[in-house]
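To keep things clear, I will list the structure first and then write my remarks on it.
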Number of protein chains: 2
Amino acid sequence: MKEGPDISRIAALIGDPARANILTALMSGKALTATELASEAGVTVQTASAHLSKLEAADMIACRKSGRHKYFTLGGDDVGHALEALMGLAAGAGHLRTRTGPKDAALREARVCYNHLAGAKGIALYQGLLARGVIQERGDDVALTDAGVTFLRTFGVDVDGLRKAKTPLCRSCLDWSARQTHLAGSVGRALLARMQEIGWAERVEGTRVVQFTSKGEAAFLDTFGV
Amino acid sequence: MKEGPDISRIAALIGDPARANILTALMSGKALTATELASEAGVTVQTASAHLSKLEAADMIACRKSGRHKYFTLGGDDVGHALEALMGLAAGAGHLRTRTGPKDAALREARVCYNHLAGAKGIALYQGLLARGVIQERGDDVALTDAGVTFLRTFGVDVDGLRKAKTPLCRSCLDWSARQTHLAGSVGRALLARMQEIGWAERVEGTRVVQFTSKGEAAFLDTFGV
DNA sequence: GGGATGCTTCGGCTACGGTCGAAGTATGAA
DNA sequence: TTCATACTTCGACCGTAGCCGAAGCATCCC
């Protein structure tokens, strides 16, 4: 009967509205304190505290103490990946939030998904990398090619440094807004970081939106456009 | 604040142990009935029924009526994708159910399903009838064409006799070994009966296996092959 | 037709888990 | 030291949702 991992425990954790709000807030990739998360979730701090300890016990979030503050982040890439997959389902089922603010369009265009680029730009990036032979799809997985390594080096990504970490270099991630694939993994993260570093784009404070500069937009098209 | 789709509803659905078991069982790709799923989930049929209607309302599963049975499958690839992501979170390597239909090769090849032909032969028959314009798919249903009536008459089926009965002439039936459609209804029954009558095939006593003769095999291919 | 099987609906019971107020602990600032 | 802030623990309340027995349809078999 009980074969395979018990998904109900994990899903039940995400299933509570307050916890779902907490996790969604953490999808921005930013580290947030318990009080900030409580306000995001719309509950009191005591309630949030209970939720946070449950999430932490399940390794869905990680925490770091700094003075009297406690900063929370998502537990890992796989957590972000699962959350995006669920968002894809929820969006398909029409369970969109009733309030679709002006941020919504910007979110669809470009946003961070945990730590890498998502939205229309994320998909364009993925397809550009594919077309240029930087990455290659292998079944459900995606891998960096030899040519891709040199490409990344000239773009300014420390590939050898990434290799030392145990996290996978490339990983595909399903986009909830467009239902297409974009690039996750340490390479995905490094690419976004590099784009911010060279001034192509910057994060909009307090949201998941990534705003490209006009120069960055052009350069992006030039470097990754199909 | 509240960005993106509401994942908590979907996650809460998966979060119930009974429903999680149901979904895990359906991950095999096999279509299962409500009672089978109830036993998989470890609850009574009434409880399972309630769960199934909730899952269906959320488009997480799809259902198909076939006689007095109701076959359920996963709602789509994205559902499977999300479940896999959750399994990855829950325990790293998830051992999926891999029950693949009847073990007996003969059963998979050709067997009776209530009263009509199922298995590989049943599927081939259905597709042959479709290709020859004998039957026509109409949404989820299937109907006998005018050309089909004459075809059946020359094959030796008493179509007018069948029409007198109140049971529907054609009905599609989901194959449990191959997860494809074959033909049920009174025409499906009559076709199998006729094949036995003219010596193409015979039932193996005490089992559901249908054994084709070598002549019957050739004639079947000739008459219904694509 | 009668009987059996598969599924659904209804009603009521129960328990689990989310919620908050209040009090308790830790860290930093004055 | 004393106060202020950030977070946790405790206890109690309460609503929701899962559960099953019984009865009601629908379908098929003989």
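Numbers restart at 1 for each chain; the letters A, B, ... are given by sequence-line order, proteins then strands.
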Is the phosphate of [N] approached by [X] (side-chain N or O, under 4.0 Å from OP1 or OP2)?
X	N	value
Lys70(B)	dT8(C)	yes
Thr44(B)	dG21(D)	no
Lys65(B)	dA26(D)	no

How far apart are the closest heavy atoms of [X] and [Y], and which atoms are they?
X	Y	answer
Ile14(B)	Ala20(B)	O-CB, 3.4 Å
Ala85(A)	Ala82(B)	CB-CA, 3.7 Å
Val79(B)	Met60(B)	CG1-O, 3.7 Å
Cys63(A)	Glu56(A)	SG-OE2, 3.4 Å

Interatomic spacing from NZ in Lys54(A) to CD1 in Ile22(A) - rounded to 0.5 Å: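 Between atom NZ of Lys54(A) and atom CD1 of Ile22(A) there are 11.0 Å.
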Spacing of Asp59(A) atom CG and Leu74(A) atom CG [to the nearest 0.5 Å]: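 One gets 12.5 Å once the value is rounded to the nearest 0.5 Å.
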Working for side chain to side chain contact (heavy atoms under 4.5 Å, CB included), residues Leu117(A) and Leu191(A): CA-CA 8 Å; Leu117(A) 189 62; Leu191(A) 278 173; over 6 Å; no
Parallel, tilted or perpendicular: ring planes of Phe212(B) versus Phe220(B), cut at 30 and 60 degrees: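 Plane angle over 60°, so perpendicular.
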Just how far, in rounded Å, is [atom2] of [N] from [atom1] of [X]?
X	N	atom1	atom2	answer
Ile22(A)	dC7(D)	CD1	C1'	14 Å
Gln46(B)	dC19(D)	CD	C1'	9 Å
Leu52(B)	dG18(D)	CG	C1'	14 Å
Leu37(A)	dA6(D)	CG	C1'	13 Å
Leu13(B)	dA17(D)	CG	P	11 Å
Glu56(A)	dT9(D)	CD	P	11 Å
Arg9(B)	dA17(D)	CZ	P	11 Å

Sugar-phosphate, base or nothing in reach of Ser53(A), heavy atoms under 4.0 Å: nothing
Hey, what are the protein-to-nucleotides 2-5 of chain C N/O distances that come in under 3.5 Å?
residue : atom : partner  : partner atom : Å
dT5(C)  : O2   : Arg68(B) : NH1          : 3.3

Full working for side chain to side chain contact (heavy atoms under 4.5 Å, CB included) between Val210(B) and Lys121(B): CA-CA 10 Å; Val210(B) 174; Lys121(B) 275 280 189 304; over 6 Å; no
Heteroatom pairs (N/O) under 3.5 angstrom, protein to nucleotides 15-18 of chain C:
residue : atom : partner  : partner atom : Å
dG18(C) : OP1  : Arg19(A) : NH1          : 3.2
dG18(C) : OP1  : Arg19(A) : NH2          : 2.6
dG18(C) : OP2  : Lys54(A) : NZ           : 2.6

